[in-house]
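The next block holds one structure in the form of structure tokens; read it before the comments.
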Amino acid sequence: MSDQPGQTTPLQLRDRDDIVLRIEHLSVNFRVGKQTVQAVSDLSLDVARGETLGLVGESGCGKSTVGRAIMQLPPPTAGKVLFKGQDLCLLSGEALRQTRTALQMIFQDPISSLNPRRKVRDIVAEGLQIWGRPSQQSRVREVMEAVGLDPDAVADRRPHQFSGGQCQRICIARSLALDPEVLICDEPVSALDVSVQAQILNLLEDMKQRYQLTMVFVAHNLAVVRNVSDRVAVMYLGKLCEIGGTGSVYARPAHPYTRALLASIPDMNPLSRHQQDGLPLLHGDLPSPANPPSGCRFRTRCPNAQALCAEKEPLMQAVRQTEQNEPQSKTTGVVSDHFVACHFPL
Amino acid sequence: MPVNKHPTIESRAQNFARALQQVFGRGFGPGFWLAVFWLVIVAFCAMFADWLPLRDPLDPVIANRLDGPLSGSLLGADGLGRDILSRLVHGARVSVVIGLTAVSIGMIVGGALGIIAGYFRGHFERALMAVLDVILAFPWLVLLLALVAFIGQSLFAISTAIGFLWIPAYARVARANTLSVVQREYVLAARAMGATTTRILVREVLPNVILPLLAYGLVAMGLVIIVESALAFLGLSVEAPQPTWGGMISEGKRHLATAVHVALIPSITIFLTVLSLNFVGDRLRSRFDVKESNL
Amino acid sequence: MTPREFKEQPLLLDVRNLTIRLNSAAGLVHAVEDVSFVLREGQTLGIVGESGSGKSVMARSLMNLLSRRSVAQRQGSVVLSGREISALSEREMQKLRGAQVAMIFQDPMTALNPVLTICVQVSEPLQQHLGLSKQAARQRTIELLDAVGIPDAANRVDQYPHQLSGGMRQRVVIAIALACDPALLIADEPTTALDVTVQKQILDLLSRQQTQRRMGMLLITHDLGVVASRADIIAVMYAGRLVELAPATTLFGAMRHPYTEALFNSIPRISDPGHTRLQAIPGRPPQLHHPSPGCAFAPRCQYAQQRCHRETPPVVMAESSIVSAKPTEHLHACFFPVAKSASGGVN
Ligand SMILES: Nc1ncnc2c1ncn2[C@@H]1O[C@H](COP(=O)(O)OP(=O)(O)OP(=O)(O)O)[C@@H](O)[C@H]1O
Ligand SMILES: Nc1ncnc2c1ncn2[C@@H]1O[C@H](COP(=O)(O)OP(=O)(O)OP(=O)(O)O)[C@@H](O)[C@H]1O
Ligand code: SF4
Ligand code: SF4
Ligand SMILES: [Mg+2]
Ligand SMILES: [Mg+2]
């Protein structure tokens with residue numbers, strides 16, 4: 001599949017002490033009928049303490065699969081998921097059950113992620129009950145108040161009596177009850193009303209501060225990702241295309257796909273209409289993940305594709321900084337924080 | 001801050017009322033309540049048959065032979081002069097006991113198998129489905145006759161035999177519902193919090209599978225009553241003097257020419273009971289389905 | 001460039017005081033309340049509103065597509081190309097649909113019939129309304145598919161919907177809608193189910209076709225960004241009512257309704273630095289079952305006063321505080337409109 005030897009440490013992984021979550025050469029395959037779908041293929045990235053990593057890409061590119069593979073739900077086909085240096089993929093049974101409580105997830109559809117037959121109180125207290133933690137009542141009250149729910153008013157009700165936004169608050173309370181270190185948010189606001197999205201985004205930001213969370217934030221809305229993330233990773237068809245500091249990636253996208261994504265965001269400026277219709281940034285359709293293109297997976301849609309792109313898979317390389325400091329960074333070896341997998345970066 | 005641990009009686013009552021409304025809601029219509037009313041009567045008869053002011057169902061009074069309804073006694077008497085009303089009431093007991101036992105056996109065994117198959121998938125699921133298909137492919141009456149011949153004709157044996165027949169159907173319903181529940185994200189969330197498999201099955205899966213199973217159980221109970229009558233008709237149900245509805249029809253068929261009511265009354269009783277069970281079961285099921293789709 | 005001038009164009013659609021109430025299990029739903037607007041030929045009207053604000057109900061009622069049984073009350077008039085359509089019989093309406101007015105739905109997955117080929121579905125209206133022969137219709141279908149940007153149209157026409165991607169399917173849906181050159185195209189959230197990259201392609205396609213054919217278009221969406229650069233006029237709906245209506249440039253330059261402003265401010269911007277605190281709107285959109293007296297936005301409005309809770313604000317013309325040569329038509333329904341401020345500054 002990939003001609004990249006699995007042993008080398010990928011370039012984009014940082015050598016820092018405060019890395020909480022580190023994914024190395026992660027691959028997830030699904031069997032669909034007779035075919036094997038490579039939902040995620042040889043993906044490596046890391047998240048430092050207190051950081052929010054945004055994960056963006058088109059529908060079906062494997063974002064959710066990465067989030068779930070981190071949680072070992074299901075465990076990945078290959079690769080490592082290091083949580084504070086410990087490989088979760090090597091754990092099983094009781095050990096995994098214990099370690100995993102430090103990572104929690106929030107899902108896209110807040111209503112289907114709450115059991116309709118249980119009361120809100122029980123839903124939020126579930127994790128505490130499982131582990132027999134002390135002072136459950138007060139902890140449940142605390143997290144419910146933290147997410148802006150009135151415990152007395154909502155504790156005895158069932159999820160279907162709440163709106164989507166409130167259900168998402170319940171989900172957040174539930175995930176916070178066990179005092180996790182890492183929160184994986186899988187499109188937490190996509191299913192919400194536009195006017196409610198901002199509430200939940202603000203709440204997540206508050207919770208991050210209050211409980212010192214490290215977050216992985218999966219979304220397809222680039223403006224939302226821009227707002228919440230410190231670093232952003234762009235995925236295409238199961239592969240990592242580009243990763244770097246949010247400001248850098250948004251200001252100077254180096255991968256043609258990232259540029260296309262950014263250019264597709266509807267512009268809030270009514271006067272911008274006359275600037276549209278330049279070069280097509282993207283053509284064609286997403287290829288089937290069961291049968292991805294050779295070489296660079298984006299080549300079938302890339303306006304810059306050349307012969308080399310079909311032959312050789314592009315490796316991650318550091319994006320050169322702006323012209324002025326380029327020689328400087330070469331000589332002093334200042335490590336760039338922006339990486340791209342493309343033979344002809346922009 | 002004072003923690004309100006014990007909800008007041010009032011709020012309990014409100015919660016209960018709300019829960020009732022959730023389940024029974026608005027707009028079931030009078031037909032539903034009529035059906036429920038009939039089922040309550042049947043259940044009451046089954047429970048209190050011995051204490052009701054009725055004649056002995058086994059006592060033949062030759063003088064009353066083949067009496068029509070409203071002549072002396074309310075529903076008349078059968079070919080041996082036994083009181084039909086009394087026999088119906090006592091027969092309800094057999095029907096209800098067989099219905100409940102058979103459905104419980106089917107629900108517990110089939111439900112458990114279905115949930116396990118749906119949750120764990122894999123080889124167990126494939127093997128189970130294959131076995132169930134084989135059972136379903138067998139002509140049920142033949143299978144039932146074989147079972148009854150094997151374990152005897154006691155009330156318990158017959159219930160078990162009929163219950164066995166229902167295992168495949170329940171397993172399928174349970175498996176299908178489990179498959180859809182397992183895809184829901186609350187199951188993932190529970191696993192992420194470290195819930196054990198048993199806990200997930202009991203707390204997350206079971207509550208969502210049991211309601212459709214129960215609703216299905218009502219419909220199934222109607223069918224069980226029919227199966228029991230069929231057995232009785234063949235003379236293979238509970239031993240003779242004990243009154244059963246199927247047995248009464250079977251005995252009544254000899255007098256069809258002279259006294260239709262002897263066979264007709266138990267037939268109508270079975271008809272009404274099965275109809276009510278189907279009706280209530282169907283309504284409840286659609287209510288639960290609607291709720292699922294609203295979610 | 002100045003916004004296009006449409007004043008001299010003939011009226012295409014004239015909706016007056018449209019009110020629609022629907023039956024539902026939980027009681028009467030006040031889905032559309034007293035909505036009025038006009039659309040001229042070749043114009044695009046963007047209708048923005050959150051989920052449940054009555055956009056789809058209104059769009060469907062413009063084509064008489066709501067089932068008779070679910071409509072409890074219907075008032076007001078809808079005049080399409082000079083004909084009052086609420087009075088038309090189902091037969092007459094069928095002649096109009098497709099030919100005069102066509103609709104694109106939100107979900108391209110369910111808008112196509114899975115067991116018929118693309119060719120059959122696109123050529124059906126051609127044969128029905130334009131009376132083309134089977135051969136001619138097929139030829140026209142291929143041209144249409146080509147026009148909406150389906151590569152290799154000649155081969156694709158015999159495929160089934162499931163063989164196409166979501167974006168392709170939406171293109172087919174658009175081809176069907178365009179088949180008979182309708183005067184009015186109603187696009188009900190045409191891109192909500194699609195990815196951003198595909199969304200841009202589809203929106204570009206729609207505006208290109210619209211300019212070429214000089215169609216009127218109703219572009220319904222919940223995303224202010226989608227209509228900002230593509231609609232001539234923008235109408236904002238909240239709880240079944242039209243709360244603000246203005247030419248796009250005017251609206252983004254000077255929002256008058258507090259809801260429009262709040263919605264605009266609550267959306268995260270690409271241009272803002274990371275971790276910018278969002279100005280969330282408190283509360284949640286109201287239920288349409290029991291409309292409370294007064295302004296529907298009052299419980300969430302930061303400018304609300306006593307009066308807002310008692311009286312329903314009527315739709316009024318914004319006083320032309322904008323320095324402009326010609327008076328632009330700017331309507332809003334608010335007692336205490338937001339003063340023209342920098343809040344509407346375009347980014
Ligand atoms: N359980 C599964 N079995 C088989 N294939 C799967 C499964 N889960 C995901 N896939 C496939 O893996 C690929 C990646 O799916 P994933 O859900 O991770 O995408 P995504 O980026 O989260 O998309 P979206 O934005 O639509 O949520 C898709 O092609 C999908 O069809
Ligand atoms: N056929 C119907 N019968 C009864 N109520 C309906 C019907 N269709 C829609 N409604 C109700 O009318 C209201 C407006 O719905 P509508 O579909 O127009 O919203 P919308 O603005 O299109 O939202 P969305 O963005 O979710 O499509 C909602 O409260 C909805 O529940
Ligand atoms: S490697 Fe080639 S095909 Fe891939 S993104 Fe870069 S230029 Fe395009
Ligand atoms: S009328 Fe009052 S409540 Fe309604 S939007 Fe205007 S200021 Fe706010
Ligand atoms: Mg996903
Ligand atoms: Mg809609």
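Quantities reported herein were computed from a predicted structural model and do not represent experimental measurements. Note on naming: letters A, B, ... go to the chains in the order of the sequence lines (proteins, then strands), and numbering restarts at 1 for each one. The figures that follow rest on heavy atoms only: side chains count, while hydrogens, waters and symmetry mates do not.
A cation-pi arrangement is absent between C:Arg256 and C:Phe264, since the terminal nitrogen or guanidinium carbon is not both under 6.0 Å from the aromatic centre and inside a 45° cone about the axis.
For C:Ile267, the part sitting under 4.5 Å from any heavy atom of chain A is the side chain, from C-beta outward, and nothing else. Contact of A:Gln197 with chain C is not made at all, since no heavy-atom distance falls under 4.5 Å. For a residue to count as touching a neighbouring chain, one of its non-hydrogen atoms must lie under 4.5 Å from one of that chain's; by this rule A:Ala263 touches chain C with the backbone only. The contact between C:Leu224 and chain A is made by backbone and side chain atoms together, counting heavy-atom distances below 4.5 Å. For A:Thr246, no part sits under 4.5 Å from any heavy atom of chain C, backbone or side chain. In this structure, chain C has no heavy atom under 4.5 Å from any part of A:Asn221. For A:Val224, the parts lying under 4.5 angstrom from a heavy atom of chain C are both the backbone and the side chain.
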Item to complete: Just do the salt bridge (Lys or Arg N to Asp or Glu O under 4.0 Å) check on A:Asp150 and A:Arg157 with the steps written out, would you?
Response: CA-CA 12 Å; A:Asp150 175 7; A:Arg157 299 212 263 158; over 6 Å; no

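Ranked by heavy-atom pairs under 4.5 Å with chain C, the first of A:Leu262, A:Asn202, A:Asp193 is A:Asn202. Counting heavy-atom pairs under 4.5 Å between each of A:Ser264, A:Ala260, A:Ala198 and chain C puts A:Ser264 at the top. Between chain A and the residues C:Gly149, C:Pro285, C:Pro151, C:Gly167, the largest count of heavy-atom pairs under 4.5 Å involves C:Pro285. Between chain A and the options C:Gly52, C:Gly166, C:Pro273, C:Ala262, heavy-atom pairs under 4.5 Å are most frequent for C:Pro273.
Closest approach of C:Tyr238 and C:Arg284 over heavy atoms only: OH-O, 4.3 Å.
A distance-only check finds a donor-acceptor pair linking the side chain of A:Asp46 to the backbone of A:Arg14 [under 3.5 Å].
Side-chain N/O atoms of C:His330 and C:Thr250 include no donor and acceptor closer than 3.5 Å. For C:Gln170 and C:Thr191, the side-chain atoms include no donor-acceptor pair closer than 3.5 Å.
With respect to the salt-bridge test (charged N to carboxylate O, under 4.0 angstrom), the residues A:Glu58 and A:Arg301 qualify.
For residues 199-252 of chain A, every residue pair satisfying the ring-ring contact (aromatic ring centres under 6.0 Å, His included) rule, not counting sequence neighbours, is listed here: A:Tyr236-A:Tyr257, A:Tyr236-A:Phe298.
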